[in-house]
Amino acid sequence: MKERAVFPFSAIVGQDKMKLALILNAINPRLSGVLIRGEKGTAKSTAVRALAALLPEIEVVKDCPFRCDPQALEKLCPRCQETLAEQGHLHPLREKMRVVDLPINATEDRVVGTLDLEHAIQKGEKRFEPGVLADANRGILYVDEVNLLDDHIVDVLLDSAAMGVNTVEREGVSYTHPAEFILVGTMNPEEGELRPQLLDRFGLCVHISGITNQAQRVEIVKRWSGYELDSGAFSMEWQAQEHQLAERILAARRIFPQVVIADEILIRIANIAIALSVDGHRSDLVMMKAAKTIAAFHSRTVVEPSDVDECVDLALSHRMRKRPFEEMVIDPKRIEEMIAERMSSRASSRY
Amino acid sequence: MKAQALHPSRSGAPRYRPPVYPFTALVGQELMKKALVLNAVNRQLCGVLIRGDKGTAKSTAVRGLAALLPALELVADCPFHCDPHDPLWMCFRCRERLRAGEMLPKETAPVRVVELPLNTTEDRLVGSLDFEHALLTGTKRFQPGLLAEANRGIIYIDEVNLLEDHLVDILLDTAVTGINLVERESVSFIHPARYILIATMNPEEGDIRPQLLDRFGLSVNIEGIFMPAVRMQIARRREAFDLDARSFRKKWSAVEDRLQARIQEAERRLPRVQIGEDLFREISLIAAAHHVAGHRADIMMEKTARTLAAFAGREWVMGDDLIEAAELVLPHRARSPEEAARNGDQSTQEQTQPGESPAPEQPGSESGQEAGGEGKDPSATGSPSEGQPREGEEQPGQPVPQPGNADQTAGGEQQAFEDRLFEIGRLVSIPTYDIRFARDSLKRRSSGRRTTTTTDNKTGRYVRATEVRRNNDLAFDATLRAAAPFQRRRPASRLAVKIEESDIREKVRQKKTSNLLLFLVDASGSMGTRLMSETKGAILALLLEAYQKRDKVGLIAFKGIEAEVLLPPTNSIEIAKRLLEELPTGGKTPLGEGLLTAYQLLKNQMRQDPNILPLLVVVTDGRANVGLFRDKFYDGPQFGEIYREIYQICDLFRQERTIRAVVVDAEEKRLGSFGRSKKLAEALNAKYYVLEEVLSEHLVETVRESRGNSDPHYSK
């Protein structure tokens with residue numbers, strides 16, 4: 001069977017917020033993922049699959065089921081630790097970052113890993129069989145319709161997404177391995193909401209809706225039919241742009257470690273989070289990381305206030321306490337007002 | 001790939017240990033840090049429960065604590081980490097060796113933190129047959145589980161409120177006795193399992209069982225910090241750690257070392273700390289003032305105050321220590337007046353009935369870890385034969401429901417409840433409700449819990465294995481363990497393991513939540529303010545009940561031109577309550593849209609969990625005046641069309657046999673009646689009630705009946 005080329009990321013019309021959120025995660029995996037909320041047929045899944053093609057190569061340990069980073073010695077899996085102790089070095093290999101699917105009907109043992117059946121029967125020995133979380137280490141874990149996921153699967157996802165570690169204590173095996181993945185989920189809010197705790201695990205969140213601009217709608221149909229007709233030719237057409245974007249992502253990854261953020265901007269971030277009464281501190285951290293990543297994407301090494309503005313709704317819309325009949329949308333003007341209000345009330349209370 | 005590559009870690013084998021954020025580098029959250037440090041100094045404080053919003057460094061703190069724990073002297077080659085100086089709490093093997101005159105090899109190692117992940121299966125928690133060993137030698141050997149590993153250490157549970165009930169049961173059992181008794185898969189084994197529990201939870205996700213709550217010596221409630229400068233500092237440190245964990249840890253190592261030294265010093269000082277007679281009196285006064293039940297709080301306060309003094313470098317307890325101790329000991333035991341007034345926090349309330357009659361409380365709490373306290377009290381031993389009886393004397397035994405007592409408390413409770421609910425609406429039937437609370441706090445295992453169903457369709461969480469064959473859902477680990485001891489006697493084959501029919505074990509899987517209460521509430525302008533508050537009161541009563549039953553609750557409201565899922569099915573009563581309070585009313589009545597939304601949501605839930613038992617509660621005056629798919633500019637009600645739509649949707653509901661429905665008519669009858677709700681009820685094949693006629697009491701009763709969950713414990 002001939003494999004069909006994926007729809008090129010740069011060929012997706014509009015939906016700039018979604019594209020930005022995905023690109024930011026490709027640049028900085030520590031943004032801990034993105035949740036894409038939107039109606040059916042708004043290119044959610046297409047965009048995630050297309051992103052895979054843009055993902056950079058990473059250095060991994062050869063044959064390691066967790067694709068350990070041979071440079072990060074403190075984060076080696078048990079197997080690589082043993083190899084390193086025995087042989088004194090690890091065999092590095094360059095590999096593309098992966099997108100691993102978590103199907104809605106996945107069972108818990110497949111997700112976290114379990115006793116290796118074949119090995120036990122043939123050799124009479126216990127061995128751990130890695131699951132989806134192992135596959136997704138240092139890659140993207142993609143959950144389509146994440147709001148339809150079984151509750152207990154969500155629980156184990158939360159468990160490892162939080163700490164980047166998967167600890168397995170089941171069916172006679174006990175195993176711990178790294179599970180640092182970018183959690184990318186899509187959902188249609190009409191079909192039910194996500195629990196707030198899981199919402200919070202997604203670094204960013206975008207709300208998308210169908211495009212109403214007529215010219216753009218026409219363009220979407222044109223491109224899609226072109227792709228349907230001959231996916232190979234279509235992606236060839238877009239190759240240059242894809243390549244350019246991939247290069248830009250790579251460049252941003254390279255300069256990201258040098259990006260600095262000034263105290264005033266951090267204070268501003270904190271003020272925004274407080275003004276919008278967001279639970280906890282994850283929002284601040286995400287805003288900081290997102291702003292830095294945006295700066296890197298704009299090939300700057302200094303974060304500017306506009307970078308923060310660009311990421312506020314990405315980082316906060318899903319963390320705000322939602323009131324009845326209120327949309328999960330943030331109005332930038334309102335934020336300014338709220339911060340100003342807060343500052344003035346604080347100033348007045350001082351006297 | 002090497003064959004042994006993915007061997008489960010044994011002692012000595014490397015484990016994956018990612019770099020940990022240093023405890024001392026945490027900004028703020030002093031109370032939480034104090035509670036954790038105190039437990040590092042004195043493990044008789046019975047652990048700590050950290051409750052707080054998401055993203056407040058709960059888990060980070062606990063993981064950071066592990067690096068600071070003091071060293072422990074233990075028998076070097078014992079899987080249970082026995083104390084070489086404490087024969088009473090030794091495992092069998094260590095005792096035997098001691099009796100045989102052997103010198104036990106000693107070593108010192110830091111107190112272990114054993115993590116209990118949510119995916120744990122029973123066999124790994126309690127231990128099971130070591131099938132590898134059985135295959136090789138044909139003899140049975142016990143493979144210690146997490147409880148063994150945690151003996152004399154700490155069990156850490158992240159998101160403890162999400163832990164499966166059957167695991168909680170095991171924890172409760174062992175926490176009371178300090179002994180893990182294993183009788184499974186043809187192994188019979190007993191070993192000491194004295195551990196303390198440290199757990200974190202986000203109350204938004206639902207609460208934990210009161211019995212388990214009681215196991216925690218201390219508890220802290222934490223929330224985010226609202227000072228921009230401090231938040232900036234948090235962000236800065238996290239940034240530095242993420243960038244280069246190793247140098248960050250190095251930078252903090254001096255501070256870490258200092259804290260660790262201080263903890264060790266405090267641990268040595270602790271036995272010498274004195275507490276004055278007057279402070280003892282103070283303790284009982286504090287305890288009484290907070291209406292705590294039993295004496296556990298008093299004991300914990302005394303221990304905590306002494307530990308605080310030791311940590312402060314003193315050998316005597318001061319009044320301030322007591323106040324600090326109360327702050328840590330009382331949150332989950334006392335009922336603070338304003339909290340009681342604001343919301344019905346059942347979990348604390350259950351244990352703190354305004355109880356001047358504390359007799360039936362405190363199920364077995366003073367045994368186990370505390371009995372071992374001071375290292376001198378021999379009230380329980382490692383040997384099963386002499387272990388239990390002594391404990392029986394000390395406690396009132398298993399609590400027995402006492403209806404009389406419950407009746408007494410109900411009166412006093414009623415007042416508190418009415419106050420609490422007033423702002424939402426008059427609630428008439430409180431007494432019956434409260435008796436249920438009181439009873440429930442005494443007998444919980446059989447009721448008040450989510451109905452766990454054993455599923456047949458290979459979905460759900462694997463909880464244990466069984467010999468009963470039903471659906472070929474092979475429990476491979478258990479099958480192997482069953483086959484292992486007989487391998488030598490079976491004829492050789494190509495495979496390493498010879499499995500026969502009789503070895504086959506199947507998985508028993510469980511799923512939570514079989515009840516789903518979905519409220520469909522009319523928030524349109526035609527619902528009078530008075531009736532709306534009545535409605536809210538009734539819904540709240542049902543929510544509280546749902547909370548206890550651990551049912552899922554959902555809330556859809558419709559007004560104007562749309563229906564909105566305000567609360568997707570959840571077991572968090574807090575959110576539901578808040579949403580209900582904030583629910584604005586006004587506008588038109590898009591009843592059809594509401595019903596359709598409810599239908600879609602229920603269908604969705606049923607797809608996710610075929611075992612769910614949905615109950616739809618529609619509260620409306622039935623005066624629909626907006627049809628489906630109308631926009632803002634639509635007006636001129638065409639009733640015929642609107643109701644045709646509604647009845648079509650009702651037909652959809654009737655086709656779903658598992659969905660049961662109740663219609664509560666909220667029409668103000670004194671202004672004349674259209675009787676539309678009644679017709680709706682008929683169309684839905686639902687029970688019909690008029691809100692003005694039934695008291696909230698009956699509504700509660702009604703829904704309970706409709707739930708079809710015949711629970712003798714709840715029926716009057």
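Each chain gets a letter, A, B and so on, in the order the sequences are listed, and its residues count up from 1.
To the nearest 0.5 angstrom, A:Lys75 atom NZ is 11.5 Å from B:Arg246 atom CZ. In this structure, A:Asn147 CG and B:Asn604 CG are separated by 7.5 Å, a value rounded to the nearest 0.5 Å. A:Leu285 CG to B:Ile234 CD1: the interatomic distance, rounded to the nearest 0.5 Å, is 8.0 Å. Once rounded to the nearest 0.5 Å, the distance linking OG of A:Ser283 with CZ of B:Arg231 reads 5.0 Å. The structure places CE of A:Met288 at 7.0 Å from CG of B:Asp242, a figure rounded to the nearest 0.5 Å.
Only the side chain of B:Leu146 comes within contact range of chain A, with at least one heavy atom under 4.5 Å from a heavy atom of that chain. Contact of A:Ile261 with chain B is made through backbone and side chain together, with heavy-atom distances under 4.5 Å. Proximity to chain A involves both the backbone and the side chain of B:Thr60, based on heavy atoms less than 4.5 angstrom apart. Neither the backbone nor the side chain of A:Thr114 has a heavy atom closer than 4.5 Å to any heavy atom of chain B. In this structure, chain B has a heavy atom under 4.5 Å from the side chain of A:Leu115, while its backbone stays farther away.
Of all heavy-atom pairs spanning B:Pro18 and A:Val165, the tightest one is CG-CG2, 3.4 Å. Shortest non-hydrogen contact noted between B:Asn119 and A:Val168 is OD1-CA, 3.8 Å. Taking both residues in full, the closest heavy atoms of B:Leu118 and A:Glu108 are given as O-OE2, 4.4 Å, listed atom of the first, atom of the second, then distance. Summarising the geometry of B:Pro228 relative to A:Asn271, their closest heavy-atom pair is CG-OD1, 3.3 Å, with the distance given to 0.1 Å.
Using a cut-off of 4.0 Å between Lys/Arg side-chain N and Asp/Glu carboxylate O, B:Arg236 and A:Asp263 are scored as salt-bridged. Salt bridge absent: B:Arg238 and A:Asp284 never bring a charged side-chain N and a carboxylate O closer than 4.0 Å. Remark: A:Lys292 engages B:Glu239 in a salt bridge, criterion side-chain N to carboxylate O under 4.0 Å.
Of all the listed residues (A:Arg282, A:Met287, A:Glu180, A:Lys289), the one sharing the greatest number of non-hydrogen pairs under 4.5 Å with chain B is A:Arg282. The most heavy-atom pairs under 4.5 Å with chain B, out of A:Ala85, A:Ala270, A:Ala72, come from A:Ala270. Comparing B:Ala245, B:Ala235, B:Ala57 by how many heavy-atom pairs each has under 4.5 Å with chain A, the most go to B:Ala235.
No donor-acceptor pair under 3.5 Å is formed between the side chain of A:His177 and the backbone N or O of B:Tyr16. Side-chain N or O atoms of A:Arg170 include none that pairs as donor or acceptor with a backbone N or O of B:Thr121 at under 3.5 Å.
Residue A:His281 forms a side-chain contact (heavy atoms from CB on, under 4.5 Å) with just one option from B:Ile225, B:Val230, B:Val27, and that option is B:Ile225.
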